[in-house]
Amino acid sequence: MDGNGRWAEERRRPRLFGHKAGVESVREIVETASEIGIGVLTLYAFSTENWNRPAGEVSGLMGLLKSYLQSELRTMVRNGIRLQCLGEQDRLPEDVGAVLRQTIADTRSCQGMVLNLALSYGGRSEMVLAVRELARKCREGILDWRALSEASISDHLFTAGQPDPDLLIRTGGEHRLSNFLLWQSSYAELYFTETRWPDFRKQQFLEAIATFHLRQRRFGRTGAQVQEG
Ligand code: IPE
Ligand code: MG
């Protein structure tokens, strides 16, 4: 979800104004995704690198996150949305962490879409944590290093048990992954748009999904093989 700051600056308003507008996009995209039957939606809300932003912006974002969770709980439960967090939750301010844990607990039995919030998330740091855990399990004899597989790595990421993403959308005009789901996105279709996040609404989202459906996913095979099925 990129482009909030520039959206605000283009309107000669403070960056936080853009983040607030971005929350409206979040509501709309979550609702749309759940409506159209998406299984898992992941929103990259805050990266490990975002901790380096000015303290005022970081605390503004944390405040928005907390109020978003508090105001959305009822809607999530009503729509069967199960909240998960990807990232280093212990780095979040105590009050935000508490609301997050509570919301995750309160939506635990929801059976609809999984909503992953990537918070204090970084793809490389996620892999380091996974490797440490695998190393410990091998050392303690819980796992055999010779049997380590791609699945072993997937199972030790924050997304353990979830399918890999099919479509990765980046708004705001930059053409990079910025440390997002590096392992999981190996075969994701990438979709980049100039649209700033606060302007990315239902119509833009459906447009991205329509584009996705036009792509031929070959997973290394030839086009002819894919058509044969
Ligand atoms: C939102 O957009 C991303 C968050 C960290 C919440 P930005 O704040 O990165 O906006 P730009 O890139 O400065 O426009
Ligand atoms: Mg940005």
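Computed from heavy atoms alone, side chains included, the values below leave out hydrogens, waters and symmetry copies.
Around the CD atom of Glu140, the shell of radius 6.0 Å holds more than 12 heavy atoms that belong to other residues, nucleotides or ligands. The environment of Trp51 atom CH2 is dense: over 12 non-hydrogen atoms of other residues, nucleotides or ligands sit within 6.0 angstrom. In the displayed structure, Arg124 atom CZ is contacted under 6.0 Å by at most 12 heavy atoms of other residues, nucleotides or ligands. Enclosure of atom CD in Gln216 by more than 12 non-hydrogen atoms of other residues, nucleotides or ligands within 6.0 angstrom is indicated.
Closest approach of Asp106 to Val77, counting heavy atoms only: O-CG2, 3.9 Å. Taking each heavy atom of Ser185 and Leu168 in turn, the nearest pair found is OG-CD1, 3.4 Å. Scanning both residues, Trp183 and Met127, for their nearest heavy atoms gives N-CE, 3.8 Å. Closest approach of Cys85 to Leu100, counting heavy atoms only: SG-CD2, 3.8 Å. In terms of heavy atoms, Gly97 sits closest to Leu92 at N-CB, 4.4 Å. The shortest non-hydrogen separation linking Leu16 to Leu61 is CD1-N, 4.1 Å.
Checked by atom type and distance alone, the side chain of Tyr121 pairs as donor or acceptor with a backbone atom of Leu181 at under 3.5 Å. For Ser186 (side chain) and Leu182 (main-chain N/O), no donor-acceptor pair under 3.5 Å exists by modelled atom type. Judged by distance alone, with hydrogens and angles left aside, the side-chain atoms of Asp144 form a donor-acceptor pair with the main-chain N or O of Arg146 at under 3.5 Å. A donor-acceptor contact shorter than 3.5 Å links the side chain of Ser25 to the backbone of Phe200. A side-chain donor-acceptor contact under 3.5 Å links Arg201 to the backbone of Pro198. Of the possible donor and acceptor atoms, none in the side chain of Ser120 sits under 3.5 Å from a partner among the backbone N and O of Gly87. In this structure, Thr159 contributes its side chain and Gln162 its backbone to no donor-acceptor pair below 3.5 Å. A donor-acceptor pair under 3.5 Å is absent between the side-chain atoms of Glu57 and the main chain of Pro54, judged by distance alone. Listed for the Thr107 side chain is a donor-acceptor partner under 3.5 Å among the backbone atoms of Thr103. Without hydrogens or angle criteria, Arg215 side chain to Leu190 main chain gives a donor-acceptor distance under 3.5 Å.
Linking ILVMFWY residues whenever their side-chain heavy atoms come closer than 4.5 Å, directly or via other members, places Phe205 and Val23 in the same cluster. Val99 and Val26 fall within a single hydrophobic cluster, where Ile, Leu, Val, Met, Phe, Trp and Tyr side chains are chained together by heavy-atom contacts under 4.5 Å. If you chain together hydrophobic residues whose side chains sit under 4.5 Å apart, Phe180 and Ile153 fall into the same group. In terms of hydrophobic clustering, with Ile, Leu, Val, Met, Phe, Trp and Tyr side chains grouped at heavy-atom distances under 4.5 Å, Phe158 and Met113 are assigned to different clusters. Each of Ile104 and Tyr44 belongs to its own hydrophobic cluster when Ile, Leu, Val, Met, Phe, Trp and Tyr are linked at side-chain heavy-atom distances under 4.5 angstrom.
Distance OG/Ser67 to CD/Gln70: 7.0 Å, rounded to 0.5 Å. Here the CG atom belonging to Leu117 is positioned 9.0 Å from the OG1 atom belonging to Thr42, to the nearest 0.5 angstrom. Here the CD-CG distance, from Gln203 to Leu206, works out to 8.5 Å after rounding to the nearest 0.5 Å. Remark: Ile209 CD1 to Glu189 CD distance equals 13.5 Å, nearest 0.5 Å. With values rounded to the nearest 0.5 angstrom, Ser149 atom OG is found 9.5 Å from Leu143 atom CG. Atoms OG1 and CZ, from Thr32 and Arg27 in turn, are 13.5 Å apart once rounded to the nearest 0.5 Å.
In summary, Glu9 and Arg6 do not engage in a salt bridge, as defined by a charged side-chain N under 4.0 Å from a carboxylate O. Salt bridge status for Arg101 with Glu94: present, with a side-chain N to carboxylate O gap under 4.0 Å. Between Arg136 and Glu133, at least one side-chain N (NZ, or NE/NH1/NH2) sits under 4.0 Å from a carboxylate O, which counts as a salt bridge. Glu194 and Arg170 are not joined by a salt bridge, as no carboxylate oxygen comes within less than 4.0 angstrom of a charged side-chain nitrogen. Taking the charged nitrogens against the carboxylate oxygens, Asp2 and Arg196 have no contact shorter than 4.0 Å, which rules out a salt bridge.
At a threshold of 4.5 Å between non-hydrogen side-chain atoms, the residues Ile36 and Ile38 count as touching. With a 4.5 Å cut-off on side-chain heavy atoms, Leu86 and Leu157 do not count as touching. Looking only at side-chain heavy atoms (C-beta outward), Met76 and Leu83 come within less than 4.5 Å of each other. Side-chain contact between Asp155 and Ser152: absent, with no pair of heavy atoms (C-beta onward) separated by less than 4.5 Å. Residues Asn116 and Leu41 are not in side-chain contact: their nearest non-hydrogen atoms beyond the backbone lie 4.5 Å or more apart. Between Tyr191 and Leu167, the closest side-chain pair of non-hydrogen atoms falls below 4.5 Å. Counting only heavy atoms from C-beta outward, the side chains of Trp145 and Leu134 never approach each other to under 4.5 Å. Contact annotation: the side chain of Glu228 never approaches that of Arg221 to less than 4.5 Å [non-hydrogen atoms, C-beta and beyond].
A side-chain N or O of Glu49 and one of Asn179 form a donor-acceptor pair less than 3.5 Å apart. Inspection of the Gln204 and Glu28 side chains reveals no N or O donor paired with an N or O acceptor under 3.5 Å. In the model, Glu88 has a side-chain atom that pairs as donor or acceptor with a side-chain atom of Ser125 under 3.5 Å. Using modelled atom types, one finds a donor on one side chain and an acceptor on the other under 3.5 Å when comparing Asn50 with Ser47.
For the side chain to side chain donor-acceptor pair (under 3.5 Å) criterion with Lys202, the lone passing option out of Glu35, Glu207, Glu31 is Glu35.
Among pairs with a residue in residues 75-85, none fulfils salt bridge (Lys or Arg N to Asp or Glu O under 4.0 Å), at least two apart in sequence or across chains.
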* **Check against side chain to side chain contact (heavy atoms under 4.5 Å, CB included), Ile169 and Phe212** => CA-CA 10 Å; Ile169 299 172; Phe212 167 80; over 6 Å; no

* Just do the side chain to side chain contact (heavy atoms under 4.5 Å, CB included) check on Arg217 and Val226 with the steps written out, would you? => CA-CA 8 Å; Arg217 307 189 77 197; Val226 171; over 6 Å; no

* Asked: Step by step, would you call Leu73 with Leu69 a side chain to side chain contact (heavy atoms under 4.5 Å, CB included)?
  -> CA-CA 6 Å; Leu73 175 62; Leu69 291 172; over 6 Å; no

* **Steps toward side chain to side chain contact (heavy atoms under 4.5 Å, CB included) verdict (Ser34, Asn79)** => CA-CA 8 Å; Ser34 146; Asn79 295 331; 4.1 Å; yes

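By the 6.0 Å and 45° rule, Arg11 stacks over the aromatic ring of Trp7.
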